[in-house]
Structures are given as C-alpha cells and as structure tokens.
Amino acid sequence: MPRTLFVADIHLCQQEPTITAGFLHFLQREARQAEALYILGDLFDAWIGDDDPDPLHTDIANALRQLQQYQVAVYFIHGNRDFLLGHRFAQASGMTLLPQEQVLELYGKRILIMHGDTLCTDDPGYQRFRRRVHQRWLQKLFLALPLLVRQRIAARLRSDSQNANHHKPDHIMDVNAGAVLETMRRHQVQWLIHGHTHRPAVHPLHIDGEDAERVVLGAWHQQGSMIQVDEHGVTLVTFPFLTPQ
Ligand code: LP5
Ligand code: MN
C-alpha cells in the first residue's frame, strides 16, 4: 500500500553513533518502502555550514541519495538546529528544500507540515533568538567565518540554550494552543504534523465544528520515531534502533 513517512529531531552527531546507525537502518528499510520521506527539521544536532567537512555529513548524504534508486522522494524543512542547511547539502543528498510551512495533499487528506518551533509563542526568549539568527545578513556573516570559529559559536549557543531551557517552566517549551489553531485555520487543514517539542503524541482537536488532529513526532534519543500516512490514516510509530547490515 502506498505510504509517506515523516521524521524529525534525529539530532545526528559524531558523539551518538547508535542514533546514526539507527537512522541509516531506517533509511535502508522502512524508508525504501515509502513513496516519499519528509524530514521536518533537526536532522542534525547543529549545522554550521554546507562546507563543514564532517564525514558524518557525507555518509548521511550518500544514504539519503540512495533512496532515489528506490523512487523515494526526500523533502526537508529546516529545524532550529539546522536552519543553515543549504542547497549544496540538499543537492548532495537529493533532498528538496521546502518552506517552513507546507501543505500536502495526501491520500485525500490536507496535511500541514512544519518543524514546530514557530508554534512555541509562549517562549519570547526563543522567538527573539530565532528572529535574530534568521536575519540573512547575520547568516552570511556567520558562514563567512572560519570553521573553527563557527564551531565555537555553535557550541556556545548550544550551552546557552541548555542553560536557558533548564530554567524555563515545562509548558513554555510546548506549543501555544492559539498559535496551533491560527496556523491550522490559515492553511485550512484538518491535520498538522510537526516535531521540535520532543513530546510525541496524537492530539485530537475541534476546529470550527470539524474534527482535526495534531500529531507530534518524537526525538530520536532512545528509539526511533516516525509518522506514517496512508489511505487508512495518520499513525505515530516508535521503534528500537537497529544496525544496518
Ligand atoms: O535546541 P534546544 O532543544 O536546546 O532548544 C531550542 C531553543 N534553542 C535554540 C538554540 C539552538 O540550540 C542553538 C543551535 C545552534 C546551531 C547552529 C549555529 C548557527 C548560528 C547562526 C548564527 C547566525 O534553538 C530554545 C527553546 C527550546 O528549543 C524549546 O522550544 O527554548 O531557545 C533558547 O534556548 C533561546 C534562549 O531563550 C536564548 C538563547 C541565548 C542565546 C543568545 C545569543 C543571541 C544572538 C546570537 C547571534 C549569533
Ligand atoms: Mn527543534
């Protein structure tokens, strides 16, 4: 049966070989059976430019590009960790870059997909940070810095972020219900799929008298998480990390 898969928040990095192996296994198995794979941001733990010679990036690009042989289309929406991922890596991995909000028509359903960070409007500190680092001129300036300097800045931003998160109450780091409704209304959708919050769940909603659903992907910490959409519906699935042969 034709199906489409969604993942987010894999947070790939050199320091987590088990997650990398689990993701490569997923690309070699489940993903090959799909019509399309949508990666909804934070594929990488931190992205500091397509010119970063990290061999992990080459391995992942090659594994993603292999999906072309199986006629699986791969799409990518930026997350808050890898918003600098650019055309060079997209081309190397055969991924199509999508805007931050995209509506899909799949098996008779209208589904909005996004990373999810823009829905966290109760966290003004983060939204301010996001507005700053999304300025084109600042990104250009950052990308022109030597790699070592970029690595240091990224490490600093990560540790500042971890400290800040430590002091934020739990609900602030979840989506805002009003922002969810406004966004789903604006796109006239009954389904929303996103990641970012690391709170995998299926949330039933009522929008203007109609049933709707917000389905949240889990982060790949101890296990894999994906959403499968086919003609039967939208299913959130978790699975253990396995290793490629
Ligand atoms: O990522 P996570 O889960 O820890 O927390 C996020 C929010 N934090 C972030 C920051 C990222 O982790 C940093 C990633 C850096 C990688 C790429 C570097 C590229 C730099 C490009 C420069 C142009 O996204 C966190 C949210 C949380 O999700 C839940 O939603 O709360 O938000 C924060 O922690 C933001 C803090 O409130 C403020 C952070 C202080 C940084 C101040 C520096 C500002 C200016 C920087 C300009 C270079
Ligand atoms: Mn995120």
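Just so it is clear, the structure is predicted and the values come from calculations on it, not from any experiment. Atoms within a ligand are numbered from 1 in the order they appear, just like the ligands themselves.
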Quick one: look at [X] and ligand 1, take heavy-atom pairs under 4.0 Å, and tell me if it's side chain, backbone, both or neither.
X: Y126; answer: both
X: D123; answer: side chain
X: Q162; answer: neither
X: R81; answer: both
X: K168; answer: side chain
X: L141; answer: neither

Give the residue and atom name of whichever protein heavy atom lies nearest to [atom], and the separation in Å to one decimal.
atom: atom 48 (C) of ligand 1; result: L138 CD2, 4.4 Å
atom: atom 41 (C) of ligand 1; result: F129 CD1, 3.9 Å
atom: atom 40 (C) of ligand 1; result: D160 CB, 4.1 Å
atom: atom 8 (N) of ligand 1; result: S161 OG, 2.9 Å
atom: atom 9 (C) of ligand 1; result: N80 ND2, 3.6 Å

**Message:** Before we go on, tell me: are the rings of W137 and F142 under 6.0 Å apart, centre to centre?
**Reply:**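 Here the rings of F142 and W137 have centres that are no less than 6.0 Å from each other.
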
Looking only at side-chain N and O atoms, does [Y] offer a donor or acceptor that is under 3.5 Å from a partner on [X]?
X: D122; Y: N176; result: yes
X: H187; Y: R110; result: no
X: D160; Y: Q162; result: no
X: Q66; Y: R32; result: yes
X: Q139; Y: R136; result: yes
X: Y107; Y: T4; result: yes
X: D211; Y: Q190; result: no
X: H78; Y: H134; result: no
X: H196; Y: D9; result: no

**Prompt:** Taking side chain as C-beta onward, heavy atoms only, is I77 less than 4.5 Å from Y38?
**Reply:**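 A side-chain contact under 4.5 Å is absent here.
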
**Prompt:** Quick one: SG on C120 to OH on Y126, what's the gap to the nearest 0.5 Å?
**Reply:**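 Separation between the atoms: 8.0 Å.
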
Give the numbers and elements of all ligand 1 atoms closer than 4.0 Å to a heavy atom of [X].
X: L84; answer: 19 (C), 21 (C)
X: H196; answer: 28 (O), 29 (C), 30 (O)
X: W47; answer: 17 (C)

**Asked** Would you call R186-E182 a salt bridge at under 4.0 Å N-O?
**Response**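 Yes.
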
**Request:** Indicate yes or no: does R150 engage D51 in a salt bridge with an N to O separation below 4.0 Å.
**Result:**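 A salt bridge is present here (some side-chain N lies under 4.0 Å from a carboxylate O).
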
**Asked** What do you reckon, does R158 have a nitrogen or oxygen under 3.5 Å from a nitrogen or oxygen of ligand 1?
**Response**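 Yes: some nitrogen or oxygen of R158 is under 3.5 Å from one in ligand 1.
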
**Prompt:** So, for L40 and H115, which heavy atoms are closest and what is the spacing to 0.1 Å?
**Reply:**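 That would be O-ND1, 2.8 Å.
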
**Asked** Would you say N165 touches ligand 1, if touching means a heavy atom closer than 4.0 Å?
**Response**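 Yes, that is the case, since the closest heavy atom of the residue is under 4.0 Å from the ligand.
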
**Asked** R150 near ligand 1, heavy-atom distance under 4.0 Å?
**Response**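 Contact absent.
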
**Request:** Give me the protein N, O or S atoms that fall under 2.8 Å of the Mn ion (ligand 2), sorted by chain and residue number.
**Result:**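 Under 2.8 Å from the Mn ion (ligand 2) - ignoring waters, which are not counted - the protein N, O or S atoms are D42 OD2, N80 OD1, H115 NE2, H196 ND1.
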
**Item:** Nearest candidate to atom 45 (C) of ligand 1, where distance is taken over non-hydrogen atoms, out of R132, H11, H166
**Value:**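 It is R132 that holds the nearest heavy atom.
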
**Minimum non-hydrogen distance to atom 43 (C) of ligand 1, winning option of I48, L85, D122, L157** =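 Heavy atom nearest to atom 43 (C) of ligand 1 belongs to L157.
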
